[in-house]
Amino acid sequence: MTITGTRPSGPTAVYLDHHATTPVDPRVARVVFETMTNNFGNAHSVDHIFGQSAAGLVGRAAVQVADFLSASPKNVRFTSGATEAIRIALEIAVSKRKCLKVGVSRVEHKAVLHPLLSLERQGRATLVWIDADSAGRIALEDIKSVVEQDIDLLCLMAANNEIGTIYPIREAAALAAKSGVEILVDATPAAGRTPIEIDAWNIDYLVLSAHKLYGPKGAGALVSAAASADDTIAHSGTLNVPAIIGFAEACRIHASEGPAAESKTEELRNRLETALLNMVDDLTINGDRQNRLTNNLHISAPGAPNDAVISRLERKVAISTGAACASGAQEPSHVLRAMKLSPELQETALRISPGRFNTLEEIDYAADQIASAIADVRAAMRTRE
Ligand code: PLP
């Protein structure tokens, strides 16, 4: 039987979980399909025109991804996503030294934290932590003081995938370069939403992922001069050419339409935020409201545990309690813990993330549904007392 799937639907199923993944732009889906059917050659099969044609497409994709991030195309190394790109970057950084001393923020994604903690357990890395404040912000003075502690590598994300706070990457990269420290920037949620200039800002390793940019899952990149010079570490297997071409198309679309699409997303986010503030008593907005991603709204509704709210919304509005990998496990968010939010605010936290294909009607419907789910849970909690 052919495995197929229809779009999940409920009474009105509205997708507001774009931090977890974005829907694929139909224009991207078209080039993925065309590449898959017309250019099926293995890009490493350089002996015939099928392989050469696929390799040619990958080369053009590298130019498009590089243009998007103001980098050199020769430094783009395609991967299966950000997680693999981070692992390759760390492997290259660690291979240069006996023990890598890493400055790392406490709010990095687990895709960065897990391999670093594993390297630390193996005695191949030591970690120096950089704290965040209650809005998830990281002070430049704290970055400077860690950079000056004789570290080899600084790991700082460009923006946070839970609370949306944007970090001062340009300034951090300048501090790192001044001290001869390499910098690894996880730009997964930020690429296309905040300015990034890899070459001009002296970023040593930058990672991103297509599926956060309306591209396909299973494609990402490590952009790094060190990675392009090193083909001994994590030699790439057969390239996923259709996904790579889809990724490049997503970057092309974002480069030309991104600013307008992001300001539309911001308007939708602000409309939702205003509606929820009006409808829900004691609502807290988490993160830095002055400096956050356009697609991020992170709230806490005291008295309404988030799992109960989410389960009431399951078939109506897709939102989450935090990072996609953590939400399934129901473990407390390390980001909210790093921000030292009260247990009450952590347990009632909801991440809502609109995107460019949402409509005003969807936002208004979602606001009503989220507010009534919170009211319902609060009422149920009161009757239990
Ligand atoms: N880094 C951040 C900040 C993320 O949000 C994610 C995914 O949610 C990743 C890394 C992992 O990306 P990928 O799914 O491409 O491996």
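Along the sequence shown, residues carry numbers from 1. Small disclaimer: the values here were computed from a predicted structure and weren't measured. Any value given below was found using the heavy atoms of this structure, including those in side chains, with hydrogens, waters and symmetry copies removed. Order of listing sets the numbers, starting from 1, for every ligand and every atom in it.
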Which of the numbered atoms in ligand 1 are under 4.0 angstrom from any heavy atom belonging to [X]?
{"X": "Lys212", "result": "5 (O), 7 (C), 8 (O)"}
{"X": "Ser209", "result": "13 (P), 15 (O)"}
{"X": "Asn161", "result": "3 (C), 5 (O)"}
{"X": "Gly81", "result": "15 (O)"}
{"X": "Pro189", "result": "3 (C)"}
{"X": "His211", "result": "13 (P), 14 (O), 15 (O)"}

> Any idea how Tyr214 and His18 line up, ring-wise: parallel (<30°), tilted (30 to 60°), or perpendicular (>60°)?
Replying inline: tilted

> At under 4.0 Å between heavy atoms, which part of Thr83 makes contact with ligand 1: side chain, backbone, both or neither?
Replying inline: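 For Thr83, backbone and side-chain atoms both sit under 4.0 Å from ligand 1.
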
> Where is the tightest heavy-atom contact between Pro302 and Leu345, given as atom of each residue plus distance?
Replying inline: CG-CD2, 4.1 Å

>> Is it true that Ser95 and Glu91 share a donor-acceptor pair across their side chains at a distance under 3.5 Å?
In response: no

> Is it the case that Asp199 and Ser72 place a side-chain donor and acceptor less than 3.5 Å from each other?
Replying inline: no

Hey, are the side chains of [X] and [Y] touching, using non-hydrogen atoms and a 4.5 Å cut-off?
{"X": "His109", "Y": "Val207", "value": "no"}
{"X": "Asn358", "Y": "Val14", "value": "yes"}
{"X": "Lys264", "Y": "Leu268", "value": "yes"}

>> I'd like to know whether ligand 1 has Lys217 as a neighbour, heavy-atom separation below 4.0 Å.
In response: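 Per 4.0 Å heavy-atom rule, Lys217 does not contact ligand 1.
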
> Can a non-hydrogen atom of Gly220 be found less than 4.0 Å from any atom of ligand 1?
Replying inline: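 The answer is no: ligand 1 sits nowhere under 4.0 Å from a heavy atom of Gly220.
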
> Do any N/O atoms on Glu84 end up under 3.5 angstrom from N/O atoms on ligand 1?
Replying inline: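 No, no N or O pair falls under 3.5 Å.
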
>> Distance check, rounded to the nearest 0.5 Å: Ile352 atom CD1 versus Leu276 atom CG?
In response: 5.5 Å

> Out of His109, Met157, Glu162, who gets a non-hydrogen atom closest to atom 6 (C) of ligand 1?
Replying inline: His109

